[in-house]
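Down below is the structure, laid out as structure tokens.
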Amino acid sequence: MFSRIFMLNILEKLLKHRGIEKEEDLDVEEKADFERWRKILSKQELTIEDIGNFCKTQISIIENRWKDLSLENTKKAELIPYHTVYKIIEQTLTAPQQEREQLEATLNQLIQ
């Protein structure tokens, strides 16, 4: 229980750190992220699927920001490390499944 309260406080601190006093001040995309984060952090335990979905969403958000022509290139460049980390985590989570699929395909070829 303590850790869930602590994690939710982190979200509140993040808002304040960014100069946002209340959730209503967030734009639509930020609200969706915030709600998803709150949902994940309020769960008793995170699943690998939860972490994978979170990473996929973050990757998508970053890639959409890169497409934004009004965003400065320096701001876009600041997103590269985040994208790299989320991508590595996502690949790490899916690697066993991909390896299994490759092995199954190889074994099926040997049978034929």
Side-chain angles (χ1 to χ4, degrees):
M1 181 69 170
F2 170 75
S3 63
R4 287 192 326 205
I5 293 170
F6 176 74
M7 295 306 285
L8 292 175
N9 285 339
I10 289 175
L11 289 178
E12 292 174 13
K13 287 180 184 179
L14 175 64
L15 289 179
K16 288 182 182 176
H17 177 73
R18 293 190 173 178
I20 301 168
E21 292 298 320
K22 50 191 171 184
E23 291 178 46
E24 292 78 28
D25 295 338
L26 298 170
D27 65 29
V28 175
E29 186 177 287
E30 292 170 331
K31 276 185 186 179
D33 285 340
F34 188 79
E35 285 304 315
R36 188 178 59 261
W37 294 346
R38 182 193 332 251
K39 183 179 175 183
I40 290 171
L41 293 173
S42 66
K43 288 176 77 172
Q44 190 73 23
E45 293 182 13
L46 295 177
T47 65
I48 291 175
E49 184 179 351
D50 291 334
I51 297 168
N53 288 337
F54 175 79
C55 289
K56 286 177 189 173
T57 302
Q58 294 306 305
I59 290 167
S60 177
I61 290 169
I62 291 169
E63 290 174 352
N64 285 331
R65 296 211 52 211
W66 284 340
K67 294 175 189 175
D68 183 356
L69 299 176
S70 65
L71 190 64
E72 297 176 16
N73 285 338
T74 55
K75 294 288 184 186
K76 291 179 182 182
E78 291 173 2
L79 298 172
I80 293 171
Y82 296 101
H83 186 272
T84 303
V85 169
Y86 288 128
K87 202 69 167 158
I88 290 170
I89 292 170
E90 180 189 34
Q91 290 170 347
T92 302
L93 295 175
T94 60
Q97 178 184 351
Q98 291 171 349
E99 289 175 9
R100 184 178 64 242
E101 290 171 358
Q102 289 173 352
L103 179 58
E104 288 174 358
T106 301
L107 293 175
N108 282 325
Q109 287 177 352
L110 292 174
I111 294 171
Q112 295 175 357

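Fair warning: this is a prediction, and the values are worked out from it, not measured in the lab.
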Kindly indicate, with the supporting measurements, whether the criterion side-chain contact (heavy atoms from CB on, under 4.5 Å) is fulfilled by Asp33 and Leu26.
-> CA-CA 10 Å; Asp33 285 340; Leu26 298 170; over 6 Å; no
Apart from Leu110 itself, members of its ILVMFWY cluster (side-chain separation under 4.5 Å) are Leu103, Leu107
Would you say Ile80 and Ile88 are hydrophobically clustered, going by side-chain heavy atoms of ILVMFWY under 4.5 Å?
-> no
How would you list all residue pairs meeting ring-ring contact (aromatic ring centres under 6.0 Å, His included) that involve residues 84-112, not counting sequence neighbours?
-> Phe54-Tyr86
Can you tell me how far CG of Leu79 sits from CD1 of Ile61, rounded to the nearest 0.5 angstrom?
-> 10.5 Å
Carboxylate-amine/guanidinium contact Arg65 Asp68, below 4.0 Å = no
Apply salt bridge (charged side-chain N to carboxylate O under 4.0 Å, His left out) to Asp50 and list each qualifying residue two or more places apart in sequence or on a separate chain.
-> Lys43
Where at least one partner belongs to residues 78-98, residue pairs that pass salt bridge (charged side-chain N to carboxylate O under 4.0 Å, His left out), sequence neighbours excluded | Lys87-Glu90
State plainly whether the residues Lys75 and Glu72 are in salt-bridge range, i.e. N to O under 4.0 Å.
-> no
What distance separates Asp27 CG from Ile20 CD1, expressed to the nearest 0.5 Å?
-> 8.5 Å
Nearest-0.5 Å distance, NZ of residue Lys56 to CG of residue Leu93 | 9.0 Å
Of Arg36, Lys31, Glu30, Arg38, which meets side chain to side chain contact (heavy atoms under 4.5 Å, CB included) against Phe34?
-> Arg38
Any chance you could measure Ile62, atom CD1, to Thr84, atom OG1, to the nearest 0.5 Å?
-> 8.5 Å
Could you list the residues that satisfy side-chain contact (heavy atoms from CB on, under 4.5 Å) with Glu63, not counting sequence neighbours?
-> Ile59, Trp66, His83
side-chain contact (heavy atoms from CB on, under 4.5 Å) partners for Glu49, two or more places apart | Thr47, Asn53
pair Asn64-Ser60: side-chain heavy atoms closer than 4.5 Å | yes
Which is it for Glu101 and Gln97 under the side-chain hydrogen bond (donor to acceptor under 3.5 Å, both in side chains) test, yes or no, and what are the steps along the way?
-> CA-CA 6 Å; Glu101 290 171 358; Gln97 178 184 351; 3.1 Å; yes
